[in-house]
Amino acid sequence: MSGRNTLYWRRKKRLMSSDRLPSRSENFAEWYNQIVLRAELADYAPVRGCMVVRPYGWALWENIQKALDRRFKETGHVNAAFPLFIPKSFLEKEKAHVEGFSPELAVVTIGGGEELEEPLVVRPTSETIIGHMYSKWIKSHRDLPVLINMWNNVVRWELRTKLFLRTTEFYWQEGHTAHATHEEAEAETLQMLDIYADFAENEAAVPVIQGLKSEREKFAGALRSYTIEAMMGDLRALQSGTSHNLGDNFSRAFNIRYSDQNNELQYCWTTSWGLSTRFIGTIIMVHGDDQGLILPPRLAPYQLVIVPIFRNEEQKTVVFEAVKRIEAQLSEFRVKVDWREDVTPGFKFNDWEMRGVPLRIELGPRDVESQQVVLVRRDISGSEGKFQVSQDGLASVVEKMLIDIQNHLFKRAVRFREENTHRVETYEDFKETLEHKGGFIRVHWAGTSEDEDLIKEETRATIRCFPLDPPEGHGCCFYTGEETDRIAIFARAY
RNA sequence: CGGGGUGUAGCGCAGAUGGAAGCGCGCCGCGUUUGGGACGCGGAAGUCGGCGGUUCAAGUCCGCCCACCCCGACCA
């Protein structure tokens, strides 16, 4: 054990002192950390488990927010804000909810120097305070549905943290809706799952599997939880967004009732759904390479960076003029011009590759002379990704190339996931595959929650979800041997 | 909470047997450079994690505390 740790430290020292990013294959975890820090997405905060989201990381988050918020509004949702503090007793009203969250609550017991009569928890999620308010607001079937979303931060006292993936405080949106019937609530839950999948695939170029969570993995207090699961570059799974049908659990706990058309009191059916800054981790681990981050053009803070090249004042004047002209031509895109004069162009190339900017334009005296630019794609390394392009009609070339990069990233990620998804018939095969290949394992499943626990204990793999894909017909459960048509995806997960 | 480890300049580290705090990178200044991570010269920067003890003398020895990191159990 200590020998292994010594090795770890030696390796870490070497990685930290070198200029190069550790490769994904030699140390994926350290590769990830270094990208977050070097690309200036985030930094460690002076509070344990907390991070500072730096301007470049926040710009990415803002683009994620815009893409999601537009979809929420299009489906009739409105934004609101609920308090950060929640009376501790609220959490205790729903049994499964309090059992799930109590180990990770931050609690405020003193305010203004006085001991509080009732401790306040810093929200780990807002179902309870929403439930309290909804019970005040909802009286009649005419008040339904209520479709509210909130962009906020929450706190969960996690034991082991990792930048973006699991931090004590994180940023997200949480949608909370109330409906007259169970069917409507289920339809809403699935609609929002669809929106997450659409966002992931079409904005972030991240292929996801939509599925139902197992009883062991579902949200504390939910009737059913759905997930979008993505495969990371190290073959592990990451839950990248969730949508919950809460049934009438919170309605009963908080007395959210309405009078129906017959003037009879009915409990509401509620949902909640969230996607967090964890998704930035998804983007990093799905698209990044040994050069650093690769951002999907639709979400990248800068879609294109221009690096001017010159040797003297005379050249600088000429190049400056050309860059200004090109920048104006490309005003429909998010463009950054790197005018720094204290670093060399070569440094800038590496720097912007680390930061994942999808396209780069190099513009020097030779290009001014020939009325061209050098256009370089981030997603294809080497000379195949470099093009000499005329300055005339540059905007349309850039537009096409950004679309092409977006599509290429998605297709590449789909192929990667498919190449690393395996089917097995027996538990022996399962363990063998997990050990030597990893990735997603697709199986017929008829086991119980206890079976799932045993498998997890032995292999560290869990059921990521039961995919919502059309049924594939009967087969034998790889674990129990029973005949079933239920499909499960197992993987080691973050 | 269990097991392991580390605290010395912004970052990464070196400082046998106690005897004047160092190296690399970064940072600041000047000059030369600039089409794939430039170079030279000069410079600033540290209550050695904290408290206590031993000693003429502690970064170094002893005790207690604190923080952080890694591996497990929990999780968006």
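Protein chains get the first letters and strands the later ones, always in sequence-line order, with residue 1 at the start of each. When reading the values below, keep in mind they use all heavy atoms of this one structure, side chains included, and skip hydrogens, waters and symmetry mates. Note that the coordinates shown come from a computational prediction; the quantities given were computed from them, not determined experimentally.
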Problem set entry | B:C27 to B:G12 separation - C1' atoms, rounded to the nearest Å | 15 Å
Problem set entry | Any pair counted as salt bridge (charged side-chain N to carboxylate O under 4.0 Å, His left out), so long as it reaches residues 92-102 of chain A, sequence neighbours left out | A:Lys88-A:Glu92, A:Lys95-A:Glu99
Problem set entry | Pair partner, B:U34 [Watson-Crick or wobble, under 3.5 Å] | none
With a 3.5 Å cut-off and sequence neighbours excluded, list the donor-acceptor pairs that the side chains of residues 305-315 of chain A form with protein atoms.
{"from": "A:Asn312", "atom 1": "OD1", "to": "A:Glu314", "atom 2": "N", "distance (Å)": "3.2"}
{"from": "A:Asn312", "atom 1": "OD1", "to": "A:Gln315", "atom 2": "N", "distance (Å)": "2.7"}
{"from": "A:Gln315", "atom 1": "OE1", "to": "A:Arg311", "atom 2": "N", "distance (Å)": "2.7"}

Exercise. Could you state the CZ-P distance from A:Phe349 to B:G36, rounded to the nearest angstrom?
Worked result: 6 Å
Exercise. Mind checking the P distance from B:G10 to B:U47? Whole angstroms is fine.
Worked result: 8 Å
Seminar exercise, completed: Taken in chain and number order and not counting sequence neighbours, the residues that satisfy side-chain contact (heavy atoms from CB on, under 4.5 Å) with A:Pro207 are A:Glu201, A:Phe410, A:Ala413, A:Val414, A:Arg417
Seminar exercise, completed: A:Asp351 CG to B:G35 P, in whole Å, measures 15 Å
For this session: Between B:G7 and B:C62, how far apart are the P atoms? Round to whole Å, please.
Result: 15 Å
Exercise. If we take the P atom in both B:G15 and B:G52, what is their distance in whole Å?
Worked result: 28 Å
Exercise. Considering every strand shown, what is the Watson-Crick or G-U wobble mate of B:G42 when both distances are under 3.5 Å?
Worked result: B:C28
Exercise. Is A:Asp289 salt-bridged to A:Arg378, cutoff N-O under 4.0 Å?
Worked result: yes
Exercise. With both distances under 3.5 angstrom, what nucleotide forms a Watson-Crick or G-U wobble pair with B:G19?
Worked result: B:C56
Exercise. Taking only residues two or more places apart in sequence or in another chain, which ones pass side chain to side chain donor-acceptor pair (under 3.5 Å) with A:Asn420?
Worked result: none
Exercise. When the ring planes of A:Phe430 and A:Phe490 are compared, do they come out parallel, tilted or perpendicular, using 30° and 60° as the limits?
Worked result: perpendicular
Measure all distances between protein nitrogen or oxygen atoms and nitrogen or oxygen atoms of nucleotides 74-76 of chain B, and list the pairs falling under 3.5 Å.
{"from": "B:C74", "atom 1": "OP2", "to": "A:Lys456", "atom 2": "NZ", "distance (Å)": "3.4"}
{"from": "B:C75", "atom 1": "O2'", "to": "A:Glu158", "atom 2": "OE2", "distance (Å)": "3.3"}
{"from": "B:C75", "atom 1": "O2", "to": "A:Arg166", "atom 2": "NE", "distance (Å)": "2.7"}
{"from": "B:C75", "atom 1": "N3", "to": "A:Arg166", "atom 2": "NE", "distance (Å)": "3.0"}
{"from": "B:C75", "atom 1": "N3", "to": "A:Arg166", "atom 2": "NH2", "distance (Å)": "3.2"}
{"from": "B:A76", "atom 1": "O3'", "to": "A:Gln239", "atom 2": "NE2", "distance (Å)": "2.3"}
{"from": "B:A76", "atom 1": "O3'", "to": "A:Arg278", "atom 2": "NH1", "distance (Å)": "3.3"}
{"from": "B:A76", "atom 1": "N6", "to": "A:Thr167", "atom 2": "N", "distance (Å)": "3.2"}
{"from": "B:A76", "atom 1": "N6", "to": "A:Thr167", "atom 2": "O", "distance (Å)": "3.1"}
{"from": "B:A76", "atom 1": "N3", "to": "A:Ser276", "atom 2": "OG", "distance (Å)": "3.0"}

For this session: Can you sort out which residues in residues 297-314 of chain A have a heavy atom within less than 4.0 Å of RNA chain B? Ascending by number, please.
Result: A:Ile309, A:Phe310, A:Arg311
Problem set entry | Salt bridge present between A:Glu203 and A:Arg70 (N-O < 4.0 angstrom) | yes
Exercise. With sequence neighbours excluded, what pairs up with A:Ser225 under the side-chain contact (heavy atoms from CB on, under 4.5 Å) test?
Worked result: A:Lys213, A:Lys218, A:Phe219, A:Ala222, A:His244
Problem set entry | A:Lys162 NZ to B:C70 C1', straight-line distance once rounded to whole Å | 11 Å
Exercise. What class does the angle between the rings of A:Trp339 and A:Phe320 fall in, given that below 30° is parallel, 30 to 60° is tilted and above 60° is perpendicular?
Worked result: tilted
Seminar exercise, completed: Note: contacts of residues 355-391 of chain A with RNA chain B (heavy atom, under 4.0 Å) are A:Arg360, A:Glu362, A:Gly364, A:Pro365, A:Arg366, A:Asp367, A:Val374, A:Lys386
Problem set entry | Separation of the P atoms in B:U54 and B:A58, to the nearest angstrom | 11 Å
For this session: Send over the distance from A:Trp157 CH2 to B:C1 C1', rounded to a whole Å.
Result: 16 Å
For this session: Quick one: classify the glycosidic conformation of B:A16 as syn or anti, with syn meaning within 90° of 0.
Result: syn
Exercise. Can you name the side-chain contact (heavy atoms from CB on, under 4.5 Å) partners of A:Asp69, sequence neighbours left out?
Worked result: A:Phe72, A:Lys73, A:Asn79, A:Asn149, A:Trp151
For this session: Can you tell me the pairing partner of B:G63 across any strand shown, Watson-Crick or G-U wobble, with both distances under 3.5 angstrom?
Result: B:C51
Exercise. C1' atom, B:A9 versus B:A14: distance in rounded Å?
Worked result: 14 Å
Exercise. Could you give the CG-to-P distance, from A:Asn350 to B:G35, as a whole number of Å?
Worked result: 11 Å
For this session: Apply salt bridge (charged side-chain N to carboxylate O under 4.0 Å, His left out) to A:Asp194 and list each qualifying residue two or more places apart in sequence or on a separate chain.
Result: none
Problem set entry | Integer-rounded Å distance: B:C69 P and A:Gln34 CD | 15 Å
For this session: Would you kindly give the OH-to-P distance between A:Tyr44 and B:G12, to the nearest whole Å?
Result: 11 Å
Report, one pair per line, the protein and nucleotides 38-42 of chain B atoms (nitrogen or oxygen only) whose separation is under 3.5 Å.
{"from": "B:A38", "atom 1": "OP2", "to": "A:Thr344", "atom 2": "OG1", "distance (Å)": "2.5"}

Exercise. Is the shortest side-chain N to carboxylate O distance from A:Arg377 to A:Glu384 below 4.0 Å?
Worked result: no
Problem set entry | Spacing of A:Glu30 atom CD relative to B:C71 atom P, expressed in whole Å | 11 Å
Problem set entry | Distance between C1' atoms of B:A57 and B:A21 (Å, rounded) | 16 Å
Exercise. For A:Trp172, is the NZ or CZ atom of A:Arg156 found under 6.0 angstrom from the centre of its six-membered ring and inside 45 degrees of the ring axis?
Worked result: yes
Exercise. Going by distance alone, is a donor N or O of one side chain under 3.5 Å from an acceptor N or O of the other, for A:Ser240 and A:Thr282?
Worked result: yes
For this session: Taking side-chain contact (heavy atoms from CB on, under 4.5 Å) as the test, write out the residues that go with A:Arg236, two or more places apart.
Result: A:Asp234, A:Arg492, A:Tyr494
Problem set entry | Integer angstrom distance from the C1' of B:U55 to that of B:G18 | 9 Å
Problem set entry | Residue from A:Glu188, A:Arg71, A:Gln173 passing side chain to side chain donor-acceptor pair (under 3.5 Å) with A:His77 | A:Glu188
Problem set entry | Strand partner of B:G2, provided both Watson-Crick or wobble distances fall under 3.5 Å | B:C71
